[in-house]
Peer 1: 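One structure, pasted below without further comment.
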Amino acid sequence: MSSDPAPHLVVMGQGYVGLPMALRAAETGIRVTGFDTNETTAAALRSGVSHIGDVSDADLAAGLARGYTATSDPGCIAEADVVIVCVPTPLSADGGPDLAAVIAAADLIGERIRPGVLCVLESTTYPGTTEEVFAPRVAGDRLVVGESVHIAFSPERINPGQTEYGVRNTPKVVGGITPACTERAAAFYERFVDEVVRAKGAREAEMAKLLENTFRHVNIALVNEMVRFSRELGIDLWNAIDCAATKPFGFMAFRPGPGVGGHCIPVDPAYLSHRVRAVLGYSFRMVELAEEVNSAAPIYVAQRAAEALNERALAVNGARILLLGVTYKPDVADLRQTPAEPLAARLLEQGADVSYHDPLVSCWTVEGRELCAEADPYGAAVAADLVVLLQPHRAYDLARLEATGAHILDTRGVLPARGTTTRL
Ligand code: SAJ
């Protein structure tokens, strides 16, 4: 732990990454200002109202009591000793990186910071972004990186919806533009993170994050492809995975599903494959194939739904189909890139009467059509011609669902494959 006087930290972006980070730092006596371009967000935070599911109003109140504050005035950057940038890095329309928020933040910093400041980018991006895009805007021709300004990259590792790992106990990878930048950033994070891992440089830290999530994307695609031919071979892949998962080393279980959603897994690998193609002129084939397999998963579910109805001489056209769990993963109220959307669109296109239930989604629109939200999933299951279980939220009583006797297509392998339940 450092004995230096507590610095003034400005965290740019007060979303699911920036806000928990700001409040953790404030716990250790660091003076923290949360900057967000959205004044409505900043005002709500100042008033003690959290817009982040994993941050309670009580957590926020404790931060405010320790001196945390929020603002949309970039003037706060001029008083910062440390600036951490936690802004979104979505995909652009052409599937490449959209660094607009990173560039805007870097420009705001470059216009205001005093000499001697540490700036860290946490937004997930392709290797080279910190050095080629972020640092030049921050330092400009006014400051010298590694001397009058220190710049590093440190990937965010916030995992929405789970509480076992938080900012403090998730190891923090840090890589600087120069060794001095690495050391300065590491020393700063050591004030409020239990374990800090020094990368060789910013590019290695950027790549570490993309490796973490590309690893998931590719392995999810592996089982999403295997589940298709396993079924045709008469093999229960779900059981095979459970068996393989008993291996105490050298294996990590991933399971088939209706597709890969969220703002991390389907996005981060695309940053890498786009960079490889843009700089080196050839494709990162594993990622491109994984994207092909995973993006086809919702359509495969629609095909399996048609097969399940067909077994009872029912057509998709006119069938009452109930989707259970439409968020991108269980117990997270987030619809970003949810595979439920392309699935619902395909079923609607085929003439199905689609309704849904999700305890976390009160209103859901697919391609401009607001779908009926069922109040009672079990009663709706009985009335449906087919139930498609997408996300097994903890709120669902799966035994009760099975006991309804409804015809269920289980896309997660969480129900016994018997009676009127069939698996993907
Ligand atoms: N999925 C499958 N099969 C699996 C695992 C996931 O189909 O075996 C699907 C999920 O349903 C979801 C998508 O893939 O639609 C992504 O799931 P995820 O479990 O990877 O959840 P995310 O997107 O919230 O990923 C985050 C990541 N955290 C950060 O980037 C900081 C990831 O690195 C974490 O490993 C992951 O949470 C986690 O472990 O929950």
Side-chain angles (χ1 to χ4, degrees), residues 15-18 20-21 52-54 86 88-91 122-125 153-167 169-173 193 205-228 237-238 240-242 244-245 251-272 290-291 293-298 300-301 323-343 358 360-361 388-394 410-414 423-424:
Y16 78 94
V17 175
M21 153 87 61
I52 299 297
D54 290 343
C86 306
T89 47
L91 290 179
E122 292 214 353
S123 306
T124 303
T125 185
F153 181 82
S154 178
E156 60 92 357
R157 283 176 161 176
I158 301 294
N159 186 14
Q162 63 83 28
T163 53
E164 184 183 359
Y165 293 103
V167 173
N169 66 346
T170 302
K172 201 84 172 82
V173 170
V193 178
E206 290 162 331
M207 183 65 92
K209 169 68 176 183
L210 294 180
L211 173 58
E212 288 165 20
N213 285 353
T214 300
F215 159 76
R216 293 184 69 76
H217 194 56
V218 170
N219 280 286
I220 293 165
L222 173 65
V223 291
N224 278 343
E225 184 168 20
M226 290 182 72
V227 77
R228 298 173 197 174
L237 181 69
W238 309 91
I241 291 167
D242 290 344
F251 182 78
M252 178 185 277
F254 289 87
R255 288 177 170 78
V260 172
H263 46 280
C264 299
I265 306 308
V267 174
D268 300 350
Y271 266 68
L272 192 49
E291 283 166 2
V293 170
N294 286 337
S295 57
Y300 177 66
V301 174
L323 304 182
L324 287 187
V326 296
T327 55
Y328 83 86
K329 79 176 192 181
D331 306 315
V332 175
D334 192 333
L335 288 164
R336 279 178 286 189
Q337 302 211 62
T338 178
E341 190 165 333
L343 168 61
D358 191 307
L360 304 175
V361 179
V388 183
L389 177 59
L390 297 171
Q391 304 302 339
H393 294 301
R394 279 193 293 268
D410 170 12
T411 71
R412 310 308 299 246
V414 293
R423 283 180 176 178
L424 203 54

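What you see below is based on every heavy atom in this structure, not just the backbone, and it leaves out hydrogens, waters and symmetry mates. Note that ligands are numbered from 1 as they come in the structure, with each ligand's atoms numbered from 1 the same way.
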Peer 1: Quick one: which ligand 1 atoms are inside 4.0 Å of a heavy atom on Asn213?
Peer 2: 30 (O), 32 (C), 33 (O)
Peer 1: Could you check whether any side-chain heavy atom of Thr124 comes within less than 4.5 Å of a side-chain heavy atom of Glu156, counting everything from C-beta outward?
Peer 2: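 Of all side-chain heavy-atom pairs linking Glu156 with Thr124, at least one is under 4.5 Å.
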Peer 1: Looking at ligand 1, does any of its N/O atoms fall within less than 3.5 Å of an N/O of Gln391?
Peer 2: no
Peer 1: Could you establish whether Gly261 and ligand 1 come within less than 4.0 Å of each other, counting only heavy atoms on the residue side?
Peer 2: yes
Peer 1: Any idea which protein heavy atom is nearest atom 10 (C) of ligand 1, and the distance to it?
Peer 2: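 Looking at atom 10 (C) of ligand 1, the protein heavy atom closest to it is Tyr328 O, 3.9 Å.
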Peer 1: Taking only heavy atoms of Arg412, which atoms of ligand 1 are found under 4.0 Å from at least one of them?
Peer 2: 2 (C), 7 (O), 11 (O)
Peer 1: Counting heavy atoms only, which of Val267, Asn159, Ile158 comes nearest to atom 31 (C) of ligand 1?
Peer 2: Ile158
Peer 1: Got a donor-acceptor contact below 3.5 angstrom from the Thr327 side chain to the Leu335 backbone?
Peer 2: no
Peer 1: With respect to Arg157, determine whether any N or O atom, backbone or side chain, lies less than 3.5 Å from an N or O atom of ligand 1.
Peer 2: no
Peer 1: Using a 4.5 Å cut-off on heavy atoms from C-beta on, say whether the side chain of Val293 contacts that of Arg228.
Peer 2: yes
Peer 1: Going by heavy atoms in the side chains, are Pro266 and Glu291 under 4.5 Å from each other?
Peer 2: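 No - every pair of side-chain heavy atoms lies 4.5 Å or more apart.
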Peer 1: Starting from atom 9 (C) of ligand 1, what is the nearest protein heavy atom, named by residue and atom, and what distance separates them?
Peer 2: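 Heavy-atom neighbour on the protein nearest atom 9 (C) of ligand 1: Gly259 O, 4.1 Å.
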Peer 1: Should one rank His263, Glu212, Arg216, Glu156 by closest heavy-atom distance to atom 35 (O) of ligand 1, which comes out on top?
Peer 2: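 Result: the heavy atom closest to atom 35 (O) of ligand 1 is in Arg216.
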Peer 1: Do Lys209 and Val173 come close enough that some side-chain heavy atom pair is under 4.5 Å?
Peer 2: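 Lys209 does not reach Val173 side chain to side chain.
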Peer 1: Tyr16 versus Cys86: any side-chain heavy-atom pair under 4.5 Å?
Peer 2: no
Peer 1: Just to confirm my output: which protein heavy-atom neighbour is closest to atom 14 (O) of ligand 1, and how far is it?
Peer 2: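 Answer, as residue, atom name and distance: Ile220 CD1, 3.6 Å.
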Peer 1: Leu343 and side chain to side chain contact (heavy atoms under 4.5 Å, CB included): which single residue from Thr338, Leu323, Val326 fits?
Peer 2: Leu323
Peer 1: By the definition side chain to side chain contact (heavy atoms under 4.5 Å, CB included), identify the one residue from Val414, Thr411, Asp410 that meets it with Pro392.
Peer 2: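 Of the listed residues Val414, Thr411, Asp410, the side chain to side chain contact (heavy atoms under 4.5 Å, CB included) partner of Pro392 is Val414.
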Peer 1: Are any of the N/O atoms in Arg255 less than 3.5 Å from those in ligand 1?
Peer 2: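 Yes.
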Peer 1: Looking only at distances, please establish whether an N/O atom of ligand 1 is found under 3.5 Å from an N/O atom of Phe254.
Peer 2: no
Peer 1: Can you name the atoms of ligand 1, numbered from 1 with element, that are less than 4.0 Å from a heavy atom of Cys264?
Peer 2: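 By the 4.0 Å cutoff, the relevant atoms are 30 (O).
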Peer 1: Can the positive tip of Arg157 be found less than 6.0 Å from the middle of the six-membered ring of Tyr165, inside 45° of the ring normal?
Peer 2: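 No, Arg157 does not lie over the aromatic ring of Tyr165.
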Peer 1: Give the residue, atom name and distance (to 0.1 Å) of the protein heavy atom nearest atom 21 (O) of ligand 1.
Peer 2: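 The answer is Lys329 NZ, 3.1 Å.
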Peer 1: Please answer whether the main-chain N or O of Pro330 pairs with a side-chain N or O of His393 as donor and acceptor at a distance below 3.5 Å.
Peer 2: no
Peer 1: Select the closest option to atom 30 (O) of ligand 1 among Lys209, His217, Gln337, judged by heavy-atom distance.
Peer 2: Lys209
